[in-house]
Amino acid sequence: MPEKNELMEKVVSLCKRRGFIFPSSEIYGGIGGFWDYGPLGAELKRNVREAWWQDMVQGHDDTTPPPGMPSPYAMVGIETSIVMHPQVWKASGHYDLFQDLLIDCRRCKARFRADQLAASQCPEKPSKRPGEHTTCDLTPPREFNLMFKTYVGALVDPESEAYLRPETAQGMFVNFRNVLATARVKLPFGIAQIGKSFRNEIAPRYFTYRSREFEQMEIEFFCHPEESRLWYEYWRDRRFRWYVSLGLSEERLRLREHSPEELSHYSCGTADVEYAFPFLPEGEFGELEGIAHRGDFDLRSHMEGKLVRRGDELVVETGPDGKPRHPGSGKDLSYFDEETKGRLIPHVIEPSAGVDRSLLAFICEAYAEDAVPDESGVPQPRVVLKLHPRLAPVKAAVFPLIRRDGMPETALEIYRELKRVWNVAYDDRGSIGRRYRRQDESGTPFCITVDGQTQEDGTVTVRDRDTTVQERVPIVELMAYLRERLAM
RNA sequence: GCGGGUAUAGCUCAAUGGUAGAGCCCUGGCCUUCCAAGCCAGAAACGCGGGUUCGAUUCCCGCUACCCGCUCCA
């Protein structure tokens with residue numbers, strides 16, 4: 001296998017060459033932090049999303065919990081708008097955190113909030129404030145706005161300002177009552193969503209890893225406060241195993257609990273699922289998903305208004321007039337518990353995963369270089385994407401060994417039959433060896449070849465991507481053969 | 001956002017102050033009975049904008065993108 005740095009270059013090159021990922025707007029020079037998915041990338045990405053939706057939502061059995069699940073629960077999916085009422089982001093706390101005026105020191109590289117400059121220290125001379133030490137070289141206050149701003153309606157004025165969502169999560173919180181009222185769910189239950197989010201990252205970096213437009217797969221799981229710790233641990237462990245089940249090796253994966261200092265002001269427990277991406281220094285990991293215990297922070301925020309921590313409590317932040325600085329909806333988002341006949345504000349466990357980051361990890365993990373013996377038995381190098389069959393963009397390719405003697409006709413019949421169920425490819429160009437290699441680079445798990453024997457006994461060869469081993473399979477059994485091995 | 005580097009074909013690279021070559025890939029044809037075969041033909045590039053110059057892909061400046069450090073990451 002190639003060395004780490006080299007590996008990433010090869011992965012990026014393969015992504016471009018085979019049509020997985022392109023720079024956005026490339027013919028105009030590209031635009032930083034945005035990427036396009038090509039024909040194979042779009043299929044791969046759909047498969048990542050669908051694997052998640054299948055495993056977390058559609059395939060969830062709310063009547064019989066498997067071992068390890070604290071209790072049965074319901075799971076429903078929603079899809080909410082990217083542009084939401086601006087008050088959502090004020091109550092959630094995003095607005096204030098994103099609107100900072102910041103001052104940088106060109107010398108010591110420190111960064112200060114403009115409104116807190118008087119309370120800050122110069123890192124090189126802690127007895128003085130930034131700018132007071134002789135070597136300080138401060139920039140003017142500059143506005144950092146990490147949320148994309150837009151205008152609703154054609155009229156451009158401050159009244160019509162809105163934002164592209166920086167996370168999908170708020171869509172679930174603001175629809176908590178709607179789901180409760182319509183989906184016949186009771187605690188505990190989860191709301192799931194997959195969708196695009198946008199953050200004006202200061203430094204997009206590492207290929208698609210830190211993009212300004214990205215896609216999230218998020219669950220907001222609502223439960224009784226006294227059960228929330230149990231559910232937090234359940235989701236943390238389950239989400240880790242999900243990545244393993246789709247092929248990420250446990251050696252490159254890590255489940256990391258945040259230290260108390262690292263926790264957000266509202267969180268009483270957060271763990272990240274992290275992957276040792278090849279572009280990171282040895283020993284460092286990058287986040288794929290965060291599983292956060294958010295307590296009742298979100299529902300309370302949307303009831304009462306933006307919350308801040310005071311001691312051990314979260315209280316509504318007030319303005320100079322004593323009223324909430326950023327009021328909530330004022331709607332009652334509490335839950336009526338039929339058993340205790342009392343109302344409570346559910347706690348929330350939030351497994352929040354990145355589609356693009358997972359996809360990148362799956363590709364990095366799958367990239368392999370090995371050797372396959374040629375017709376003389378001499379090992380020849382090959383590049384192969386050993387993607388999990390559920391993720392592979394193309395599930396199988398069908399070839400006629402040669403372009404005559406009825407082989408193309410038979411191969412096309414098989415191709416059309418399989419095409420009704422899976423994304424399959426047909427290829428009759430070039431030597432058979434080259435066609436196998438092409439599919440290897442695309443990550444296609446199986447290649448089906450019609451040869452001279454097919455006419456005699458109705459069998460074809462099926463070649464396994466990872467082992468290159470072939471076996472003869474009757475055409476009539478192909479569908480069942482693939483169904484079993486594609487695990488779908 | 002700061003500092004450094006890079007930018008030539010889809011990919012990997014080369015050459016050049018007088019408008020660019022190769023390998024792989026790709027397309028068409030011939031040939032081909034299982035792991036990158038061969039032959040013929042073909043398509044395809046100097047990131048963008050200025051400046052210097054008779055002439056710039058080449059030298060200079062700016063921009064953009066990517067890479068490497070730092071910073072940031074609700």
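In what follows, chains are A, B, ... by sequence order, proteins preceding strands, each numbered from 1.
- Taking atom C1' on both nucleotides, A36(B) is separated from U53(B) by 48 Å, rounded to a whole Å.
- The same atom, P, is picked in A56(B) and in G4(B); the two are 29 Å apart, to the nearest Å.
- A sub-4.0 Å separation between OP1 or OP2 of C26(B) and a side-chain N or O of Arg438(A) is present.
- Summarising the geometry, the separation between CG on Leu146(A) and C1' on U71(B) is reported as 13 Å, rounded to the nearest angstrom.
- Panel note: side chain Gln455(A), backbone Asp405(A); a donor-acceptor pair is recorded below 3.5 Å.
- Spacing between C48(B) and U58(B) at atom P, rounded to whole Å, works out to 11 Å.
- You'll find that the side chain of Arg210(A) is closest to U71(B), out of U33(B), U71(B), C68(B).
- Judged by distance alone, with hydrogens and angles left aside, Tyr206(A) brings no side-chain donor or acceptor close enough to the base of C67(B) to form a pair under 3.5 Å.
- One finds a side-chain N or O of Ser431(A) lying less than 4.0 angstrom from the OP1 or OP2 phosphate oxygen of A37(B).
- Under a 3.5 Å cut-off, the side chain of Arg435(A) and the backbone N or O of Asp427(A) do form a donor-acceptor pair.
- Rounded to whole Å, the P atom of G1(B) lies 36 Å from the corresponding atom of G55(B).
- Base-pair partner of U52(B): not found among the strands shown (Watson-Crick or G-U wobble, both distances under 3.5 Å).
- Atom name C1', nucleotides U33(B) and A20(B): the rounded distance is 43 Å, in whole Å.
- Look at C31(B): it lacks any Watson-Crick or wobble partner with both distances under 3.5 angstrom.
- What separates CZ of Arg205(A) from C1' of G4(B) is a distance of 11 Å, to the nearest Å.
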Dump the intermediate steps for side chain to side chain donor-acceptor pair (under 3.5 Å) on Asp451(A) and Thr454(A), then the final yes or no.
CA-CA 5 Å; Asp451(A) 60 11; Thr454(A) 304; 3.2 Å; yes
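- If you find the closest nucleotide of RNA chain B to Arg434(A) and to Glu26(A), the one lying nearer the 5' end belongs to Glu26(A).
- As rounded to whole Å, 15 Å separates atom P of A65(B) from atom CD of Glu201(A).
- Arg404(A) has a side-chain polar atom (N or O) that falls below the 4.0 Å cut-off from OP1 or OP2 of U33(B).
- Ion pairing between a basic and an acidic side chain is recognised when a charged N comes within 4.0 Å of a carboxylate O; Asp96(A) and Arg325(A) show such pairing.
- More than 12 heavy atoms of other residues, nucleotides or ligands shown are found within 6.0 angstrom of CD on Glu409(A).
- For Trp35(A), counting side-chain heavy atoms from C-beta on, the closest listed nucleotide (C72(B), U33(B), C66(B)) is C66(B).
- The separation of A14(B) from C73(B), taken at their C1' atoms, amounts to 41 Å, rounded to a whole angstrom.
- Going from the P atom of G17(B) to that of C72(B) covers 46 Å, rounded to whole Å.
- Applying the 3.5 Å distance criterion, the base of C25(B) shares no donor-acceptor pair with the side chain of Arg18(A).
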